[in-house]
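The chains referred to below are lettered A, B, ... by the order of the sequence lines, with proteins before strands, and numbering in each begins at 1.
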There are 2 protein chains.
Amino acid sequence: MSTTGRGLHGRVLDILGPEITAGEYPPGSVLRTDELAQRFDVSRSVMREVVRVLESMRLVESRRRVGVTVLPTCEWNVYDPQVIRWRLAGADRPRQLRSLTVLRSAVEPVAAGLAARNATAEQCAELTERALGMVAHSRGHQLEGYLVHDMAFHRVILTASGNEMFARLGDVVAEVLSGRTHHDVMFEDPDPAAVTLHVQLAEAVRERDAVRAEELTRQITVGALQELDILAP
Amino acid sequence: MSTTGRGLHGRVLDILGPEITAGEYPPGSVLRTDELAQRFDVSRSVMREVVRVLESMRLVESRRRVGVTVLPTCEWNVYDPQVIRWRLAGADRPRQLRSLTVLRSAVEPVAAGLAARNATAEQCAELTERALGMVAHSRGHQLEGYLVHDMAFHRVILTASGNEMFARLGDVVAEVLSGRTHHDVMFEDPDPAAVTLHVQLAEAVRERDAVRAEELTRQITVGALQELDILAP
DNA sequence: CGGGAACAAAAAGTCAGACTTATATGTCAC
DNA sequence: GTGACATATAAGTCTGACTTTTTGTTCCCG
């Protein structure tokens, strides 16, 4: 699951990153490279590489004669996939999930509208296929199978939009959907209305009906938001 | 302007990063750490830190016995502010500007709707102030002054939304607006209709009219998109 | 002639230690 | 109290030796 794992430096990052994003060190806290190197039992070279990466994520700032200062949340590169993963795995997971779902509700409808204009025949086909897959797994405790198709469906929509900024949110949406199934309470079977909306959306894209695609996606994301409100009002 | 500048490692990054994002090395190209260190006349330690940062941006991937492989564009962390800046400064600036403007058109209306619900009294006041500032600088070659208020206006909207993902796009929007004034052709004075829309938007937020705020912002962003279409059809 | 196992080379990864540089802070004179 | 100066500190840099992983080749055997 963890993308980083490769190398000693990645292992340290996978411990220190989550600690920082979890807020274990309040903003302004100062860490010393030497101490960290000692704590993780790695050389200063490795520790320096870790600090550089954390710095590029704007989680910390390294200054001479001061040390490695933890930056306030508002500075963090919250779109960094790594940061998103760390935060979703941490304590403020609910807040994070809500932020991301709101982002979804803004982006996906527009993306779907563009997809209706730009999707290739292959993309239309996969969309239909995935929607049917969702239908097939919508009853009788097949949540895992349903999730696979749901994630793929939304990824295709975002990719087919033709906008690379949208496309890059595929991973984020996948994380959100996955989290809903695995971590949060999910009813035995998915909402039948939502399944229908997906089928209709695939249809709208295939028929190049941008307005309808946008509206349908808006309904899907509104549903996702309402689901959150029920869980954590 | 460059955030990185600090340290020897930052200077190398400021050269190599733009080169990669400009597509000077096609995806799959292999760079060797030693050669790069030689080229930039820095030690391998410094070069390794640079590679680590590029790796965390998913611009490259470092593998043993192979070298540092340049990744295809679809892998890049295109939301990384650094990457955005590098790309905006490079050759595919127009494409990048369009992607970001489309993103704006998706996000800002929703953000404005939320801002109408969540904005504090201070934020409402600054919004009005900035709108008036835009009016004051809307005639007679005061593009710089206009830009300052325009950027601040949109940043307040995004921040006031209360969603950190939206708030973090303030820099992106600022870059887009700034680019329009500085690099691209901009008519002598801003479109009077756009100025009016901003004044009305400040009003709508102040009056907690979320629907109207959303609709007005939609008109603003549609205008921005049309402007792009005129420039690069 | 084909396939697989052993081997060798190449490049990144790691470490240790010495040295440099910037800078926050304390000290002292005025 | 204020300013200049000295000092200590922690990051920054460099070098060179060593380790580990992986790829590609070679060579043996079926």
(message) Base, sugar-phosphate or nothing for B/S45? Non-hydrogen atoms, less than 4.0 Å.
(response)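 Base contact - B/S45 has a heavy atom under 4.0 Å of at least one base atom.
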(request) Report which part of the nucleic acid A/S62 touches: base, sugar-phosphate, or nothing (heavy-atom distance under 4.0 Å, all strands). (result)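 Since only primed, P, OP1 and OP2 atoms lie under 4.0 Å of A/S62, the category is sugar-phosphate.
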Atom-to-atom span, [atom1] of [X] to [atom2] of [N] - whole angstrom:
X     : N      : atom1 : atom2 : result
A/R48 : C/dT20 : CZ    : P     : 17 Å
B/E49 : D/dT13 : CD    : P     : 7 Å
A/L13 : C/dG13 : CG    : P     : 14 Å

(message) Between A/R65 and A/V51, which residue's closest nucleotide on DNA chain D lies nearer the 5′ terminus?
(response)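 So the residue in question is A/R65.
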(message) With nearest nucleotide decided by heavy atoms, which residue, B/S43 or A/G67, maps closer to the 5′ end of DNA chain D?
(response)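 Its nearest nucleotide being more 5', the pick is A/G67.
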(message) Distance alone, cut at 3.5 Å: any donor-acceptor contact between the side chains of A/E55 and B/H9?
(response)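 Looking only at side-chain atoms, B/H9 and A/E55 do not form any donor-acceptor pair under 3.5 Å.
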(request) Check whether the side chain of A/R52 and the base of D/dG12 form a donor-acceptor pair under 3.5 Å. (result)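 In this structure, the two groups form no donor-acceptor pair.
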(request) When you get a sec, tell me which of C/dA24, D/dA11, C/dT14 is the closest nucleotide to the side chain of A/H9? (result)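 Taking heavy atoms from C-beta onward, the closest nucleotide is C/dT14.
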(message) Side chain of A/V42, heavy atoms from C-beta onward: which of C/dC15, D/dA11, D/dT13 has the nearest atom to it?
(response)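 Closest nucleotide to the A/V42 side chain: C/dC15.
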(message) What I'd like to find out is whether the side chain of B/R93 reaches to under 4.5 Å of the side chain of B/R87, using heavy atoms alone.
(response)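 B/R93 does not reach B/R87 side chain to side chain.
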(request) Ignoring hydrogens and angles, tell me if any N or O in the side chain of B/R180 forms a donor-acceptor pair with the backbone of B/E227 under 3.5 Å. (result)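 No, because the side chain of B/R180 does not come within donor-acceptor range (under 3.5 Å) of the backbone of B/E227.
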(request) For residues A/H154 and A/H198, establish whether the separation of their ring centroids is below 6.0 Å. (result)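 Yes.
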(message) Whether A/R64 contacts C/dT23 is assessed here as follows: a side-chain N or O lying under 4.0 Å from the phosphate OP1 or OP2. Is that the case?
(response)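 No, A/R64 has no side-chain N/O under 4.0 Å of OP1/OP2 on C/dT23.
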(request) By nearest nucleotide on DNA chain C, pick out whichever of A/R44 and A/V66 is the more 5' one. (result)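 The residue mapped nearer the 5' terminus is A/R44.
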